[in-house]
Amino acid sequence: MEAASRLVTEALEGSRYALARLISLIEDDGVDARAALAALYPHTGQAHIVGVTGAPGTGKSTLVNQLAKALRARGVTVGVVAVDPSSPFSGGALLGDRLRMRDLAGDPGVFIRSMASRGSLGGLARATGDVVKVLDGAGFAVVLVETVGAGQAEVDIARTAHTTVVVEAPGLGDEVQALKAGLMEIADVLVVNKADRPGAANTARALEMVVGRNASRAAAGEDGWAPPILQAIALDGTGVPEVLDAVAAHREHLRATGLWVGRERARVETELLNALRQEMLDRLLARVRPEQIQAWVERVVAREVDVYTAVERLLDAGGR
Ligand code: GDP
C-alpha cells in the first residue's frame with residue numbers, strides 16, 4: 001500500500017520511472033494495484049482517448065508512431081498503449097517498442113507501453129483500460145490505444161476510446177478488411193493508409209459506399225457525425241496532420257453535443273459490470289473448497305445428478 005501511494009505521487013509529479021513501475025504493478029493486478037488506481041482516479045478524465053485499430057499489416061504501428069510525433073510537434077503530450085493479444089511479451093522490451101523509441105527517445109512528453117497476452121482477452125481489456133487510466137491521470141493529453149482489429153474482444157477494447165480511428169490499406173486481399181472485422185460501426189475516422197500503393201483509391205471508394213449508408217443514419221440523428229475518409233502514407237507522414245485534425249474535430253463534436261459524457265457513462269457502466277461480475281465470481285469460488293467440487297464431479301460422473309443440479313447445490317450450500 002505504502003509503496004503504491006508513493007509511486008502514484010511520484011508518477012503524478014512526472015517521474016517516468018514511477019510511471020513504468022506503476023503500470024507494471026497494475027498489469028500484475030494485486031492489492032497494491034487497486035490502491036494505486038483508487039489514488040489515481042480523481043486525476044483521470046482529462047485525456048482524449050483515441051483508439052487506432054485495423055487488420056494486421058495495414059500500418060497501424062507506423063501510423064501511431066507518426067501521430068505521436070505530429071502531436072509532439074504541436075506541443076501535445078501523448079501516451080501510447082500498444083495492445084497485441086498474440087504476443088506473449090509485455091513491458092517495455094519489445095522490438096517494436098525499441099524501434100518506436102528511436103524516433104521519440106528522450107522526449108518526456110511521450111510514454112509508450114506495450115500490452116501483451118494476459119491469459120484471457122477479458123483480462124487484457126481490463127489491464128489496458130487501467131493502463132490508459134494511469135497515463136490519463138499522469139497528465140498525458142492524448143492517449144493512443146493501438147489494437148489489432150481482429151475480433152469482438154479487440155473491438156470492445158477499441159470501444160473504450162472517445163474517438164476510434166480505423167485503418168485500412170490496399171492490397172490485403174479483401175477490399176475492405178474493416179467490414180469483415182465489424183469495425184465500421186465504431187469508426188469515427190477512416191484512414192486508407194499506404195496511399196502510395198496501387199488500389200488506395202479503390203479502397204477509399206469502397207469505404208465511401210459503406211460510410212455513405214452510415215452517414216445517412218448519422219444524419220438521421222444517431223450521433224450527428226459522418227466519419228471522414230482520409231488517405232495517408234504513414235511511412236513518410238503524408239496525410240498525418242489531416243488525421244490529427246479529424247481526430248481533434250471529433251473531440252470537439254463530442255464536447256459540443258454532450259456525447260463525451262455519454263460515452264464516458266457507457267464505458268463506466270461496462271467496466272463496472274465487468275468488474276462486478278469478476279469480483280462476484282472470485283468471491284463465490286473462494287468459498288467453495290476444491291474437495292466439494294471433486295465430490296460433485298464424482299456424483300455427476302456417477303449419473304446421480306446432472307451438472308446444473310450440482311451447480312445449484314453448490315451455490316445453495318454457499319460453499320459450506
Ligand atoms: P500493423 O501490423 O498494422 O501495425 O502494420 P505496421 O505498422 O507494422 O506496417 C506493416 C508494414 O507496412 C511495414 O513493413 C511498414 O513499413 C509498411 N507500411 C506502413 N505504412 C506504409 C505506407 O504508408 N506505405 C507503404 N508502402 N508501406 C507502409
Side-chain angles (χ1 to χ4, degrees), residues 48-71 80-86 96 100 142-218 222-223 225-251 253:
H48 184 199
I49 304 167
V50 180
V52 179
T53 190
T58 48
K60 291 179 301 298
S61 316
T62 314
L63 183 66
V64 163
N65 197 17
Q66 292 283 359
L67 289 171
K69 275 206 289 189
L71 282 164
V80 176
V81 185
V83 184
D84 183 359
S86 66
R100 291 159 188 268
V142 173
V143 179
L144 300 171
V145 184
E146 175 192 328
T147 59
V148 183
Q152 189 55 46
E154 288 87 349
V155 170
D156 286 345
I157 293 178
R159 216 187 279 280
T160 63
H162 295 113
T163 301
T164 301
V165 178
V166 172
V167 186
E168 276 288 342
L172 286 176
D174 245 21
E175 188 66 67
V176 178
Q177 298 273 329
L179 263 187
K180 226 172 39 184
L183 295 173
M184 293 302 290
E185 302 97 80
I186 59 165
D188 300 306
V189 176
L190 285 152
V191 177
V192 178
N193 188 39
K194 306 195 184 181
D196 54 316
R197 292 266 183 89
N202 278 344
T203 305
R205 261 196 302 279
L207 285 176
E208 267 158 27
M209 279 172 57
V210 183
V211 170
R213 291 203 297 272
N214 283 350
S216 63
R217 224 175 46 213
E222 193 175 327
D223 67 359
W225 175 262
I229 299 163
L230 305 167
Q231 296 197 26
I233 306 171
L235 269 189
D236 66 7
T238 303
V240 169
E242 287 78 3
V243 175
L244 277 190
D245 291 344
V247 165
H250 185 250
R251 184 194 54 213
H253 174 75

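Because the structure is a prediction, the values reported are computed rather than measured. Index from 1, following the sequence.
Minimum interatomic distance between Gly51 and Ala161 (heavy atoms only, all atoms of both residues): N-CB, 3.3 Å. The two residues Pro170 and Pro198 have their closest heavy-atom pair at CB-O, 3.6 Å. Shown here for Gln231 and Ala200, the closest heavy-atom pair between the two residues is OE1-CB, 4.0 Å.
When side chains are defined from C-beta on, Leu71 counts as touching Leu244, because their heavy atoms get closer than 4.5 Å. Considering only heavy atoms from C-beta on, Pro227 stays 4.5 Å or farther from Asp188 through its side chain. Residues Val165 and Thr53 fail the side-chain proximity criterion, which asks for heavy atoms closer than 4.5 Å.
Atom CG of Leu63 sits about 11.5 Å away from atom NZ of Lys194, to the nearest 0.5 Å. Interatomic distance, Leu207 CG to Ile229 CD1, rounded to the nearest 0.5 Å: 5.0 Å. Annotation: the span from Thr163 atom OG1 to Ile186 atom CD1 amounts to 11.5 Å, rounded to 0.5 Å. Note: Asn65 CG to Leu144 CG = 10.0 Å, rounded to the nearest 0.5 Å. A distance of 8.5 Å separates CG in Leu190 from CG in Leu230, rounded to the nearest 0.5 Å.
Using cut-offs of 30° and 60° on the angle between ring planes, the pair Trp225 and His250 is perpendicular.
Annotation: salt bridge (charged side-chain N to carboxylate O under 4.0 Å, His left out) contacts involving residues 239-251, sequence neighbours excluded, comprise Arg74-Asp245.
Of the possible polar contacts, one joining the Lys60 side chain to the Gly54 backbone as a donor-acceptor pair under 3.5 Å is found. Under a 3.5 Å cut-off, the side chain of Gln66 and the backbone N or O of Ala234 do form a donor-acceptor pair. Thr203 contributes a side-chain N or O that, together with a main-chain N or O of Gly199, makes up a donor-acceptor pair within less than 3.5 Å. In this structure, the side chain of Asn193 does not engage the main chain of Val167 through any donor-acceptor pair within 3.5 Å. Distance alone, capped at 3.5 Å, places no donor-acceptor pair between the His162 side chain and the His48 backbone.
Checked against side chain to side chain donor-acceptor pair (under 3.5 Å), Arg197 has no partners two or more places apart in sequence or in another chain.
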Audit row: Ile49, Val145, side-chain contact (heavy atoms from CB on, under 4.5 Å) steps and yes/no: CA-CA 7 Å; Ile49 304 167; Val145 184; 4.1 Å; yes

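Side-chain atoms of Ser61 and Glu146 include a donor-acceptor pair closer than 3.5 Å.
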